[in-house]
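Please read these numbers as outputs of a predicted model, since none were measured by experiment.
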Amino acid sequence: NVVLGDSLARIFRAAGHTVEVQNYIDDTGRQTAESLFAVKHYGRVWDGVQKYDHWLGEGYVRLNADPEKETLEPGIREVMHQLEAGELRPEVEKVVRAHLETCFRLGARYDLLNWESDVVGSGFLGKAMNILEESRYTSHPTEGKYAGAFVMDVSEFMPGLEEPNVVLLRSDGTAMYAAKDIGYQFWKFGLFEGMKFKPFITDPEGHVVWTSAPDGEPDLERRFGHAQEVINVIDSRQDHPQTVVRSALGVAGEPEKQARSIHLSYAFVTLEGQTISGRKGIAVSADEAMDEAERRALAVLAEINPELAAREDAAEIARRIGIGAIRFAMLKAEPTRKIDFRWDQALALNGDTAPYVQYAAVRAANILRKAQEAGYATDGSGADWSALPDIDVNLAKMVARLPEVVAQAVRVHSPHVVAQYALDLATAFNAWYNAKDKNGKPATNVLQSPAGLREARLALVARLRKGFEETLDLIGIQVPAAM
């Protein structure tokens, strides 16, 4: 979720769009309630050293393994009421700050944190229902199984459903979950105002991350929401509810907004073939995954190139390789395809991996470094462009495809297009680098090329190196200094 959303935001910004990245904080959910309940019930005390969200998660796992859990339900419900009333917000904020620390390390950035308790408290539900009341597709049946409820008929917007009536409000006036999501979606599109905001934290680049807050200030500058297009990054279990949310915009008489309400659905990730379950404690935290990725990357460096592993910046090199491997593994396929993350595959220098692309980028940089040491120009000065053979021209055409690739990724709302292009670019460069002439000798040895052709090839390699950096940056991956 984090990697998908962050990468898509980067791609849309590169395409010239103004992008606002929101993180929905489910502070009233059951998992939050159970985690906080476990602290008091088991008398747990945080030592201030262990990462707070990890520590809290241990209590959650313990509670769900407790055979007496069913008898503890009244206490859990009481915590849920406290959360809804905002009484435990300071505790939840500690969890959010810990989560953001992880997200920042993974390279993700946010503009706004929207808390579910604030969405509920801002009256979005009532405002959305008032809009839908005016639609010919909604009704208050007086008889039958929907008697007394507020119902939305989505048959025109979701054809083929066996039951096209969606209950928004039950007969007792309580809201269905879809109704809350509809209210939030309407706000994102600027159909009404309501929340207050204040600064929450500063990210590693110095950008202020804002949060919704009861004690914040009204958004008089229309800083947040009011989107022309909304992309919700939510897993595939929410395919039907998200379609209902999208259809509600059509019911409300907003067909253009309906068309630009996008659900970026993604499948589940397994680790080495094992299904992940936080409730059962079968999981690897993102922090642990990043630690392991960096450790393994450093081990690979030490095995392949001991001198490289002894460099002062070896840890930073390993970090870029490790984080890149994780992000790329999540992005290289279409989001709807199930991913089985395997360490050996993700960190391999060959195949569809980030290290494969990063190695090609480093190889290009090494050519440029050697050229500069020899005093050759790499900016095109003295280049004889007419001397470039077809193999070089074809590589240049591949480099020039990036704007087209970005446009395609925007059209299909998926970063995998960029990841696949990165692989294609690395493969094209490697084929060019290893090309042989009819006598079996290197055909593209840049530094030994005749003057004029040499400068043209160096300019091509320089543009290629920049192309690698630009492409990988679109999916949040950095190029190491060496490999």
Side-chain angles (χ1 to χ4, degrees), residues 10-11 13-16 304-305 307-308 311-313 316-317 320-321 324 349-350 354-408 418-475 477-483:
R10 291 167 180 263
I11 291 166
R13 286 194 181 106
I304 296 176
N305 189 342
E307 290 184 8
L308 193 61
R311 288 173 48 145
E312 287 186 6
D313 60 347
E316 174 61 15
I317 292 172
R320 294 189 176 200
I321 295 172
L349 288 177
N350 294 309
Y356 173 71
V357 182
Q358 290 170 317
Y359 186 78
V362 170
R363 171 177 276 175
N366 287 339
I367 294 173
L368 297 174
R369 177 178 52 78
K370 291 176 181 178
Q372 290 168 343
E373 289 173 353
Y376 299 138
T378 61
D379 62 355
S381 301
D384 181 1
W385 303 110
S386 64
L388 285 174
D390 288 346
I391 188 174
D392 295 70
V393 173
N394 290 335
L395 180 60
K397 288 179 179 179
M398 175 66 78
V399 177
R401 282 191 57 223
L402 182 56
E404 169 194 332
V405 170
V406 169
Q408 183 185 355
V418 174
Q420 287 300 316
Y421 169 71
L423 290 172
D424 292 343
L425 189 62
T427 299
F429 173 57
N430 288 335
W432 175 86
Y433 181 86
N434 293 308
K436 301 289 191 294
D437 62 19
K438 61 184 179 181
N439 298 317
K441 295 181 179 180
T444 56
N445 190 315
V446 179
L447 300 184
Q448 293 184 13
S449 297
L453 174 58
R454 177 184 61 216
E455 281 70 28
R457 281 180 164 163
L458 283 170
L460 173 59
V461 172
R463 184 62 189 86
L464 181 79
R465 163 69 184 194
K466 183 179 179 183
F468 276 126
E469 290 181 343
E470 292 172 340
T471 302
L472 289 175
D473 183 65
L474 289 173
I475 49 178
I477 295 173
Q478 296 173 299
V479 177
M483 284 182 75

By side chain to side chain contact (heavy atoms under 4.5 Å, CB included), which residues pair with [X], not counting sequence neighbours?
X: Ala428; result: Leu395, Met398
X: Ala451; result: Arg454, Glu455
X: Gln372; result: Thr378
X: Ala481; result: Arg311, Asp313

task = Provide the full list of side chain to side chain donor-acceptor pair (under 3.5 Å) pairs with a residue in residues 433-451, sequence neighbours left out, each pair given once.
result =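 Listed once each, the pairs are Ser449-Arg457.
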query = In Å, rounded to the nearest 0.5 Å, how long is the span from CG of Leu458 to CG of Asp379?
reply =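 Answer rounded to 0.5 Å: 10.0 Å.
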Any residue meeting salt bridge (Lys or Arg N to Asp or Glu O under 4.0 Å) with Asp424, in chain and number order, not counting sequence neighbours =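 Asp424: no salt bridge (Lys or Arg N to Asp or Glu O under 4.0 Å) contacts found.
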Sequence-distant partners of [X], side-chain hydrogen bond (donor to acceptor under 3.5 Å, both in side chains), two or more places apart:
X: Glu373; result: Arg369
X: Asn394; result: none
X: Asn305; result: none
X: Glu469; result: Arg465

Can you list, pair by pair, the side-chain donor-acceptor contacts under 3.5 Å of residues 382-389, counting residues two or more places apart and other chains?
{"unit_1": "Asp384", "atom_1": "OD1", "unit_2": "Ser386", "atom_2": "N", "d": "3.3"}
{"unit_1": "Asp384", "atom_1": "OD1", "unit_2": "Ser386", "atom_2": "OG", "d": "2.6"}

message = Can you list everything that forms a ring pair (Phe, Tyr, Trp, His ring centres under 6.0 Å) with Phe468? Sequence neighbours excluded, please.
response =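 Ring pair (Phe, Tyr, Trp, His ring centres under 6.0 Å) check on Phe468 returns nothing, list empty.
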